[in-house]
Amino acid sequence: FTVTAEYEITQEDMDRGFVTNVAKVSGNFGEDPVEGEDEETVLRDKTPVQYTVNYLEKNTNKALAPQKTGSGIINEEITEHAITISGYDKLAPTTIIITLKAEGNEINFYYIAKIKPVDPVYPPKDDDNLITLEDNKIPTGRPIEEKLNMEDHFQYIKGYPDNTVKPEAYITREEVAAVFYRLLTTSYRNSMWTMNHNFSDIEANRWSTKHIATLANAGIITGYSDGTFRHKNYITRAELATIASRFDNLSPFVADGFSDIKGHWANKYINSAAQKGWVKGYSDGTFKPDQNITRAEFVTLVNAVLERRVHKEDILPDARQFPDLLKSKWYYEEMQEAINSHYYHRLEDTYEKWTEIYYPTLDM
């Protein structure tokens, strides 16, 4: 059968910068029970099915994304049929074809998504596609506070077995996923938690699987066009600004905040993060979006997002120390915020005065 649905892009979609279509399928590939036979041997509602998902442009059958494959149990929701479409202003209506197979039986499930073209930053060429929201309909509040724990200042970075914390080393994409997973609010993490994902290079038993799968399910992180996540790759400044920006509404901007991001795929995320004060550029006016980011630079961005800041004199004496974390370095206070769980109260200048360091049991 064919299901057709029309979805209108909202202001929240524009702020977020992408639209996710999820097709949920259930069915029974068994036959009616035959008299005298055990029903369990005939009905196959517990049979694992293999599925293939194709994302095709309607009419032309042009592939819009890599084919996805997976497996699930009939009569349980199969939610792996999700695609995150960036740059949807360029897409024609999309046909999502899902093929399920179980013991030789096969059925196709067609889902046609009509996506109205909208660019969340630059004005559309066609005025008919411009969505104008009345002032009282523009979303208010901060979605970030529902997703990230901004109150409890617990440790989110730990050291290495050799008793170093390596602030000037680069940080990988899976390490970033693990940190943001730890920083999710309990309710949001529980609502998004999963071990299922569509990345071809993430093994089921990899230590970071739950972190990556959960954040991918939430639409916070994405992979590459070839279906990989490349978890061991070092993360770039642009990728990190994009991930952070997806936790909140995008901030509007009039002009690029840096001289080297015009036309860059992460332009709107970098500009939004800069508007919020989460990222900074270099003295020459550049941002260097494709440059890898260090662990110290990473925690500086995370602390800015979480509004975690402390003066050196307000760090308690029993704070963790590492031989490669020198008090003379610019990042000393930033790293201390990340490696210590602490109670605090706010000072008038919005910085914290630590009152106690504690040692909770953390899922690191």
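- The side chain to side chain contact (heavy atoms under 4.5 Å, CB included) search around Glu313 returns His311, not counting sequence neighbours.
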Discussion item. Run the salt bridge (Lys or Arg N to Asp or Glu O under 4.0 Å) test on Arg309 and Glu334 for me, step by step, so that the C-alpha distance in whole Å, both residues' side-chain angles and the decisive distance to 0.1 Å come before the verdict.
Written reply: CA-CA 7 Å; Arg309 55 184 76 94; Glu334 300 288 357; over 6 Å; no
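- At a threshold of 4.5 Å between non-hydrogen side-chain atoms, the residues Val176 and Ile243 count as touching.
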Worksheet item: Where do His197 and Asn217 land on the side chain to side chain donor-acceptor pair (under 3.5 Å) test, with the steps shown first?
Response: CA-CA 8 Å; His197 60 82; Asn217 186 44; over 6 Å; no
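- The salt bridge (charged side-chain N to carboxylate O under 4.0 Å, His left out) test applied to Glu239 returns Arg173, not counting sequence neighbours.
- Considering every non-hydrogen atom in both His342 and Tyr358, the closest pair reads N-CE2, 3.3 Å.
- Cation-pi check for Arg230 over Tyr224 is met; the charged atom lies under 6.0 angstrom from the ring centroid and within 45 degrees of its normal.
- Rounded to the nearest 0.5 Å, atoms OG1 (Thr172) and CZ (Phe298) are 9.5 Å apart.
- Legend: residues meeting side chain to side chain contact (heavy atoms under 4.5 Å, CB included) with Ser251, ordered by chain and number and at least two apart, are Ser272, Gln275, Lys276.
- With contacts defined as side-chain heavy-atom distances shorter than 4.5 Å, the pair Tyr156/Phe180 does not qualify.
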Worksheet entry | Verdict with supporting geometry, Lys353 and Asp349, salt bridge (Lys or Arg N to Asp or Glu O under 4.0 Å) | CA-CA 11 Å; Lys353 183 174 181 61; Asp349 63 357; over 6 Å; no
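- Heavy atoms of other residues, nucleotides or ligands lying less than 6.0 angstrom from CD of Glu203 number more than 12.
- A continuous path of hydrophobic side-chain contacts links Ile315 to Tyr359 [ILVMFWY only; heavy atoms under 4.5 Å].
- Side-chain contact between Phe258 and Asp256: absent, with no pair of heavy atoms (C-beta onward) separated by less than 4.5 Å.
- Comment: Lys329 engages Glu168 in a salt bridge, judged by a side-chain N to carboxylate O separation of less than 4.0 angstrom.
- Contact check for Leu184 versus Leu215: side-chain heavy atoms found under the 4.5 Å cut-off.
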Worksheet item: Does the pair Trp193 and Tyr181 meet the rule for a side chain to side chain donor-acceptor pair (under 3.5 Å), with working shown?
Response: CA-CA 10 Å; Trp193 194 94; Tyr181 173 92; 3.1 Å; yes
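- Because its NZ or CZ atom is not both nearer than 6.0 Å to the ring centre of Tyr170 and within 45° of the ring axis, Arg295 does not count as a cation-pi partner of that residue.
- Looking at heavy atoms from C-beta onward, Asp260 lies in side-chain contact with Lys288 at the 4.5 angstrom threshold.
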Worksheet item: Hey, mind stepping through Trp354 and Glu352 against side chain to side chain donor-acceptor pair (under 3.5 Å) and telling me if it holds?
Response: CA-CA 6 Å; Trp354 290 9; Glu352 307 160 20; 3.2 Å; yes
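- Judged by distance alone, the side chain of Asp324 and the main-chain N or O of Thr164 form no donor-acceptor pair under 3.5 Å.
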